[in-house]
There are 2 protein chains.
Amino acid sequence: MLSERKRSVLKAIITEYVNTAEPVGSRALARRHNLGVSTATIRNEMADLEEMGFLMQPHVSAGRIPSDYGYRFYVDHLMEHDQLTYSEQDLLNQLVYIKSLEADMVLATASRLLSQLSNYVGLITSPRIHTGRLTAIELIHLSRRLALALFFTDNGQVENRVLVLPPEVESRHIESLAAYFTHRLAGRPMEEITGQLLDELYSELLEDHIQNHDFISRIAQALMNWLKSGGRSRVFTGGAHNILGQPEFQDVEKVRHLFALFEEEALLLQLLQREPGITITIGQENRLPVMQDCTVVSSTYTVNGKSTGTVAVLGPTRMDYAHVISVLEHLTGCLEKAFSSHDDEDRQQDAVF
Amino acid sequence: MLSERKRSVLKAIITEYVNTAEPVGSRALARRHNLGVSTATIRNEMADLEEMGFLMQPHVSAGRIPSDYGYRFYVDHLMEHDQLTYSEQDLLNQLVYIKSLEADMVLATASRLLSQLSNYVGLITSPRIHTGRLTAIELIHLSRRLALALFFTDNGQVENRVLVLPPEVESRHIESLAAYFTHRLAGRPMEEITGQLLDELYSELLEDHIQNHDFISRIAQALMNWLKSGGRSRVFTGGAHNILGQPEFQDVEKVRHLFALFEEEALLLQLLQREPGITITIGQENRLPVMQDCTVVSSTYTVNGKSTGTVAVLGPTRMDYAHVISVLEHLTGCLEKAFSSHDDEDRQQDAVF
DNA sequence: TGTTAGCACTCCCGCATTGAGAGTGCTAAC
DNA sequence: GTTAGCACTCTCAATGCGGGAGTGCTAACA
């Protein structure tokens, strides 16, 4: 266990380093944080802390900088809660009242705000939607050449799609098709409905409805597309350019790899697959080589009590952890409000998810 | 008019500079391009070309580099046609056969390919869709709590949206509402249908349908959302990180501004509003200060003979113009094929636009 | 035993200097 | 009109040289 004084020295060093990005020397520390002891004592404490793995020295006559382990101890034991200013809160609160009901727009804006308020990179994943079970498929004959396909799920989602009919289709065919699809698929969890299952269904159907070959495949296609688009989460990256102002990202080659990562949606999704609540991975704790001196702080948000997405900030390990966490907590709240406000039934239809 | 020899010297310098990114000296030029004259003669020609504004000298004892005007002359008069390799063509051809029918996916992939094949940044705008006139609005009573809104246009688009009904609505109300909306809006070009017009309609309607207050606003809302999402083009930026390999983008501050631009969708859209065919804006020809040493080469693609989008490459003025143009031409063809293949009616429903 | 002042030592960083190299313009000869 | 030669200019990388910041150690002190 660390002595009280060691804790305050470590905390002071991290606070100082986060602000200045320069190695912290004993003199600067004594001057700006009144620790009540001399520089020599601080030096002794620093030497101890270094030996214990909390600090590092870039070279022999430089000040100390925190190690990953030092940051870890800081976020676990030393960090104090940070309060957002009112103007920061207001900025985030706007999200709840965004006019556009499109989820895309909300999340894109949110990721940009996240970056703006943290000066790092904002990352947000959209939640998966297909969490329920399919309850029914209906086909409605709209006009000579148009039909409407409706897919219902047990958690209240309705997907609808207009289909163009081949000339020779009759109403009774359409109805029997809908009944057949419902019969075979109703009750299944969405994840189970795959291309393979649809293919089987397809070949079964072909035996009975030879003349409607084309139409059947269109229904299956529409269903498939919906499943695909809903099963896939998207990632919104906002304000990536902001980290270019940070001193640790002055090396173009390094930045290049990082920005390449931001375009790897699949990789990001994996990276942002997180436990509920606030999660922090510091430096080496990140597996990817590109991120060995980056920290990701993330939080999850929940829509309709079920499907969850992640909001995260990626920045240098020298990060203002307390502030970032406050921003994330507030943003999480805003997103949950934005997506489950009073008119949620409407919203659900209009939103991409 | 430039002498034949001056033209070959200029062309050789540009070719050389595009490859090496280093100022081109007379000796290097004589060695690598057999122009059949001595370095002294080349020096004289270079001095002339500089005086005429085609070349510049970073400092007195450096080689020459092309000016914006030099590049302009090159693309207008000297450039030769470039042929894509088969593997490059294959890469682009994949786009036509992308399984996913989502336009988003096609364009995002295309922008990435564009970057990959050029080593610069790929920019693509999705075409605007709302080019026709509204012909009818239909409301269909699906179940006790659900109605379907259908919006038809004269160029064959159909938008559909499921609406949740307030408890007390009756079928005849729904029908009369649809008739009223159609009566007031049919025949109008899509651009004319704005929030303001809908607001007027809304207040008129309230007088007659006091009890359906809520429902009416939902229909208007759905219509509005559709108009918004369709009237707005999106921009897909791909492979931005690739230009970080180019020597002109080693300055982080410069890169920062450029990357900030890539997140300004509105600005990009404006920038990519282009004449049909290949357009090139070189260096200072671009208005934005960030882009004073960048070139944008763009081409337009057309879907359904009407709505057009832009594909473009943004890179340093020292750009492999011939190659970029070939890539753009080929890509344009692929996109047009991808979006207007045989099953285009289906596609139109499924695609975002 | 813990704390502090003092001091020698180390290392980075910015600055000026220097020499090699590349390229030019000019001149004179062809 | 073309070319060889040469003096000149300028950049760039390498080198060397304090100044400054910060440390660890030692010895004195409470």
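A note on names: the letters A, B, ... follow the listed sequences, proteins ahead of strands, and every chain is numbered from 1.
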Gap between atoms [atom1] and [atom2], on [X] and [N] respectively (whole Å):
X: Glu45(B); N: dT3(D); atom1: CD; atom2: C1'; value: 13 Å
X: Ile42(A); N: dG22(D); atom1: CD1; atom2: P; value: 12 Å
X: Arg27(A); N: dA21(D); atom1: CZ; atom2: C1'; value: 9 Å
X: Met46(A); N: dT4(C); atom1: CE; atom2: P; value: 15 Å
X: Gln57(A); N: dC9(C); atom1: CD; atom2: C1'; value: 13 Å
X: Arg32(A); N: dA21(D); atom1: CZ; atom2: C1'; value: 13 Å
X: Arg43(A); N: dT26(D); atom1: CZ; atom2: C1'; value: 12 Å
X: Asn44(B); N: dT3(D); atom1: CG; atom2: P; value: 10 Å

Looking only at the side chains, is there a donor atom on one of [X] and [Y] sitting less than 3.5 Å from an acceptor on the other?
X: Glu16(A); Y: His33(A); result: yes
X: Asn242(B); Y: Ser115(B); result: yes
X: His323(B); Y: Glu88(B); result: yes

Within the 4.0 Å heavy-atom criterion, would you say Ala40(A) contacts the bases, only the backbone, or no part of the nucleic acid?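 Base, at least one base atom sits under 4.0 Å.
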How would you label the contact of Thr39(B) with the nucleic acid (heavy atoms, under 4.0 Å): base, sugar-phosphate, or nothing?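 It contacts nothing in the nucleic acid.
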Start at the 5' end of DNA chain D and walk down; is the nucleotide closest to Ser38(B) or to Pro23(A) reached first?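 The residue mapped nearer the 5' terminus is Ser38(B).
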Position toward the 5' end of DNA chain D (nearest nucleotide), Arg5(B) or Ser61(B):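 Upstream on the strand: Arg5(B).
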Between Thr41(A) and dT3(C), is there a side-chain N or O to OP1/OP2 distance below 4.0 Å?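 No, no such contact exists.
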Side-chain N,O (Arg31(B)) to OP1/OP2 (dA22(C)) below 4.0 Å: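 For dA22(C), neither OP1 nor OP2 has a side-chain N or O of Arg31(B) closer than 4.0 Å.
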Measuring centre to centre across the rings, with the benzene-like ring taken for any Trp, is Tyr74(A) within less than 6.0 Å of Phe54(A)?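 Centroid separation for Tyr74(A) and Phe54(A): 6.0 Å or greater.
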For dG14(C), the Watson-Crick or wobble partner whose two distances fall under 3.5 Å: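 Paired with dG14(C), as far as the under-3.5 Å criterion goes, is dC17(D).
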Any strand is fair game: report the nucleotide pairing with dT27(C) by Watson-Crick or G-U wobble, both distances under 3.5 Å, or none.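 The answer is dA4(D), by the H-bond criterion.
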Can you tell me how far CG of Leu258(A) sits from CE of Met291(A), rounded to the nearest 0.5 angstrom?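 Answer rounded to 0.5 Å: 7.5 Å.
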